[in-house]
Amino acid sequence: MKTYVAILAGGIGARMGSALPKQFITVGERCIIEYTIDAFDRSEEVDEIIVVVHPDWLEHMEYLISCNRWTKCKRVVPGGKERYESTLNALKAFPEASDEDKILLHDAVRPLVSNALIEGTIAALDECEAAGVAVACTDTVWRVVDGIVESIPERKSLMRAQTPQGFRFGIIKSAYRKALEQGEIAATDDCGMVSRYMPETRIHIVEGDERNIKITYPQDLSFLENYLKTI
């Protein structure tokens, strides 16, 4: 049984307000995506890594790969207009994978993912077919419609999703196949795809880490820079 990883870097980071996609912004001495790939390349449980990148940035990503000494990350795949298209391209990039093999899908702009989270997600897939990293929701969450609070869900039943999200290949491929057959993609992440289109599949929760932030806004860059100074 092998474990594959797809680093999803197809976005352009409009909310960051930068000329560069946020995954290619330099913090410290390296691009954000380099820290992310490093984390997975170091894992003894990972066999192969690909990076899914916006077509305009393929050459730049190939250049970064050539500059690093990664032993498991050697391929770049073009992303799609939507996130789900990037995941589909990632799945197609591993034609040799069996249904029982594992795949982890991870946001390129979560560079502080720990080895414990990576290997914890991989280990969870020994016992289940889908697993997602999440942290408890400590704030009260309101459901709002047209600027009015409609309901307040119980906080103890809510968690904030992170990545990686892991699957047996057969499960995630089946979820996407069913979605495409129905002619709609009504989920914002890959666990959501499995939950909606393979509802019989139980998604195991791996306890996340508050440091595993998604770099989205300029202030997140300051957090990352300060954290890197401590390690």
Could you check whether atom [atom1] of [X] has more than 12 heavy atoms from other residues, nucleotides or ligands sitting under 6.0 Å from it?
X: E207; atom1: CD; result: no
X: E181; atom1: CD; result: yes
X: R202; atom1: CZ; result: no
X: E96; atom1: CD; result: yes

Closest heavy-atom pair and its distance - [X], [Y]:
X: E34; Y: C31; answer: OE1-N, 2.8 Å
X: C73; Y: I37; answer: CB-CG2, 3.9 Å
X: V135; Y: Q162; answer: CG1-NE2, 3.7 Å
X: V133; Y: G208; answer: CG1-CA, 3.4 Å
X: D220; Y: K214; answer: OD2-O, 3.6 Å
X: W70; Y: D38; answer: NE1-OD1, 2.6 Å

CA sep, side-chain torsions, deciding dist, call: I213, L224, side-chain contact (heavy atoms from CB on, under 4.5 Å)
CA-CA 9 Å; I213 66 168; L224 175 59; 5.6 Å; no
Gap separating the [atom1] atom of [X] from the [atom2] atom of [Y], nearest 0.5 angstrom:
X: S66; Y: L64; atom1: OG; atom2: CG; value: 7.5 Å
X: L104; Y: I49; atom1: CG; atom2: CD1; value: 10.0 Å
X: D47; Y: M1; atom1: CG; atom2: CE; value: 11.0 Å
X: D99; Y: E129; atom1: CG; atom2: CD; value: 10.0 Å
X: L20; Y: H60; atom1: CG; atom2: NE2; value: 7.0 Å
X: E45; Y: L125; atom1: CD; atom2: CG; value: 11.5 Å

Heavy-atom side-chain contact between [X] and [Y] under 4.5 Å:
X: V53; Y: F24; value: yes
X: S43; Y: E119; value: yes
X: I122; Y: V46; value: yes
X: T216; Y: K22; value: yes
X: E127; Y: H204; value: no

Is the shortest distance from a Lys or Arg side-chain nitrogen in R83 or D189 to a carboxylate oxygen in the other one below 4.0 Å?
no
Would you mind checking if K102 and D126 are paired as a salt bridge, meaning a charged N to carboxylate O distance below 4.0 Å?
yes
Is the ring pair Y227/F223 parallel, tilted or perpendicular, if the boundaries are 30 and 60 degrees?
parallel
Criterion side chain to side chain donor-acceptor pair (under 3.5 Å) against H106, the qualifying member of T36, T121, N212, T163:
T163
Test side chain to side chain donor-acceptor pair (under 3.5 Å), reference E48, set R75, K74, K72, K2, output is R75
Does the pair S114 and D209 meet the rule for a side-chain hydrogen bond (donor to acceptor under 3.5 Å, both in side chains), with working shown?
CA-CA 8 Å; S114 67; D209 186 334; 4.7 Å; no
Backbone N/O of C191 and side chain of S195: donor-acceptor pair under 3.5 Å
no
So does A9 get a backbone contact from the side chain of Q23, meaning a donor-acceptor N/O pair under 3.5 Å?
yes
Under a 4.5 Å side-chain heavy-atom rule over Ile, Leu, Val, Met, Phe, Trp and Tyr, are L117 and M159 clustered together?
no
Co-members of F169 in a cluster of I, L, V, M, F, W and Y side chains, linked at under 4.5 Å:
Y4, L8, I50, V52, V77, Y84, L88, L91, F94, I103, L105, F167, I171, I172, Y176, L180, I185, M193, V194, Y197, M198, I203
Return a table of donor-acceptor pairs under 3.5 angstrom between the side chains of residues 138-153 and protein atoms on other chains or two or more places apart.
from	atom 1	to	atom 2	distance (Å)
R143	NE	E150	OE1	2.8

